[in-house]
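Counting starts at 1 for both ligands and their atoms, in listed order. Bear in mind that the values here come from a model prediction, so they are computed numbers and not experimental data.
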Amino acid sequence: MQAAQRILTIFGTRPEAIKLFPLVHALEGDSRFASRVCVTGQHRGMLDQVLAISGVVPDHDLAVMQPDQTLDALTARLLVGIGKVLDEERPDWVVVQGDTATAMAGALAAYYRKIPVCHVEAGLRSGNIHHPWPEEINRRIIGPIAALHCAPTETAARALRAETIDPATVHVTGNTVIDALFWITDRIAREPALAGGLAELERRFAGKRIIGVTSHRRENFGQGMQSIADAIRRIAVRPDIALIYPVHLNPNVRSVMDRELAGLDNVALIEPLDYPHFAHLIGMSHLMLTDSGGVQEEAPALGKPVLVMRETTERPEGVEAGTARLVGTDADAIVAETFRLLDDDAAYAAMARAHNPFGDGKSAARIAELLAR
Ligand code: UD1
Ligand code: UDP
């Protein structure tokens, strides 16, 4: 019998944890693999929320997060910390996801040791190195390093082939975020109390249409966040809506939102929600206003229009399918597009269509098969 392959899955932030727990579950349940998990702790509270609900128990926790961390110091801590874990574990494969500092440093540390890298959610490109910043460069660094590219869509696979990545190493697997979303909605169906914590807000805002909001992008710090806050204040003037905004723990986001939006009747600024509550929030929302990557994938799957507060997107599939629209961070544009969706039933109906351009919920199993080969 062949020895089990030693797979080290490395992640550090909330979205990576959400998109990798389905793969960790798949590897742990398969005797062809010896699964090990290293979390970098690039995020702390928001990462731990996902570990708790998914039941993933890390073998290593580097606890690198520092308040308001800079990209260079964070990257240095990550490279050194991950390197030590790789020397100890000596895995056959390293798995990284997406385009965070953790993913980039994980791939680079593996490359320094000639350990093959599997890149989950490979091939996303905006074509602009400043949007999103620094993620566009992080994922372009991982590209030539990875030996196995798990592209979520054909568009992503095409982008990799255009960069002269060996086509034999590029596979369209779908995005594991849809696996995670199906898993969590199934759990909520069996245990509704898992997402019951929004009941008080549901009572407070009864009869109003809910707009779910998230924002955190580094390229939007300063003027962009101020402009997003201005737009929310202007939208909140309407008596027929309410905004529920779980605020990212990044101090560059919280300071602006607390200053500009605290105390408004129609705005609930709340702590980051755990995954079941956030999935419930998307479900109860009329539309989502976001600069998040993951929310652009989840909202279409749940049939909710998304207005994307970014200048570019590396996820054109939602825009092409009509459920997502790029509005940028200009306050006038955000307000105008939001009001259009609230007041024009035909425009709303055209965007509110459940569909899954990003996956079918079986991506983790496909990636496990590729690793087994
Ligand atoms: C990071 C990723 C970004 C991803 C986002 C998801 C990088 C460079 N950025 O951005 O690609 O879209 O996560 O949310 O990899 N903080 C806490 N507790 C937490 C999380 C963050 O206090 O649980 C605060 C800390 O002060 C920390 C700061 O937020 O220093 C920034 O965290 P960091 O991971 O550097 O950047 P994000 O903006 O969260
Ligand atoms: N999310 C969550 N709680 C929240 C906000 C978001 O669980 O309060 C989830 C969301 O469902 C999605 C992921 O976090 O799966 C997106 O993370 P984020 O927006 O921080 O990062 P990005 O996807 O932009 O990298």
(message) Below 4.0 Å from ligand 1: does a non-hydrogen atom of Arg217 turn up there or not?
(response) yes

(request) Using distance alone, with no hydrogens and no angle criterion, decide if Gln42 and Thr13 have a side-chain donor and acceptor under 3.5 Å apart. (result) no

(message) Is the contact between Tyr275 and ligand 2 made by the side chain, the backbone, both, or neither, using heavy atoms and a 4.0 Å cut-off?
(response) both

(request) Taking all heavy atoms of Ile53 and all of Arg187, pick out the closest pair and write down the distance. (result) O-NH1, 3.3 Å

(request) Could you tell me whether some N/O pair between Thr13 and ligand 1 is separated by less than 3.5 angstrom? (result) no

(message) Closer than 3.5 angstrom, by distance alone: can the side chain of His43 be matched with the main-chain N or O of Arg14 as a donor-acceptor pair?
(response) yes

(request) Tell me which part of Gln49 gets within contact of ligand 2: side chain, backbone, both or neither, using heavy atoms under 4.0 Å. (result) neither

(request) Give a yes/no verdict on a cation-pi contact between Arg340 and Tyr348, requiring under 6.0 Å between NZ or CZ and the six-membered ring centre and an angle within 45° of the axis. (result) no

(message) Out of Arg14, Gln49, Gln66, who is nearest to atom 30 (O) of ligand 1 when you count heavy atoms only?
(response) Gln66

(request) Quick one: look at Leu273 and ligand 2, take heavy-atom pairs under 4.0 Å, and tell me if it's side chain, backbone, both or neither. (result) both

(request) Check whether any N or O atom of Gly294, backbone or side chain, sits under 3.5 Å from an N or O atom of ligand 2, and answer yes or no. (result) yes

(message) I need the atoms of ligand 2 closer than 4.0 Å to a non-hydrogen atom of Gly293, numbered in the order shown.
(response) 22 (P), 23 (O), 24 (O)

(request) For Pro272, counting its heavy atoms only, list the atoms of ligand 2 lying under 4.0 Å from any of them. (result) 8 (O)

(message) Nearest non-hydrogen contact with atom 16 (N) of ligand 1 belongs to which option: His43, Met65, Arg254?
(response) Met65

(request) Report yes or no: do Ser215 and Tyr245 form a side-chain donor-acceptor pair below 3.5 Å? (result) yes

(request) Would you indicate whether Asp265, at its atom CG, is surrounded by more than 12 heavy atoms from other residues, nucleotides or ligands within a distance under 6.0 Å? (result) no

(request) Look at the aromatic rings of Trp183 and His25 and report parallel, tilted or perpendicular, splitting at 30° and 60°. (result) tilted

(request) With heavy atoms only and a cut-off of under 4.0 Å, state how Ser292 meets ligand 2: side chain, backbone, both or neither. (result) both

(request) Would you mind listing which atoms of ligand 2 come within a distance below 4.0 Å of any non-hydrogen atom of Arg217? (result) 24 (O)

(message) Any side-chain to backbone donor/acceptor pair from Ser363 onto Thr173? Under 3.5 Å, distance only.
(response) yes

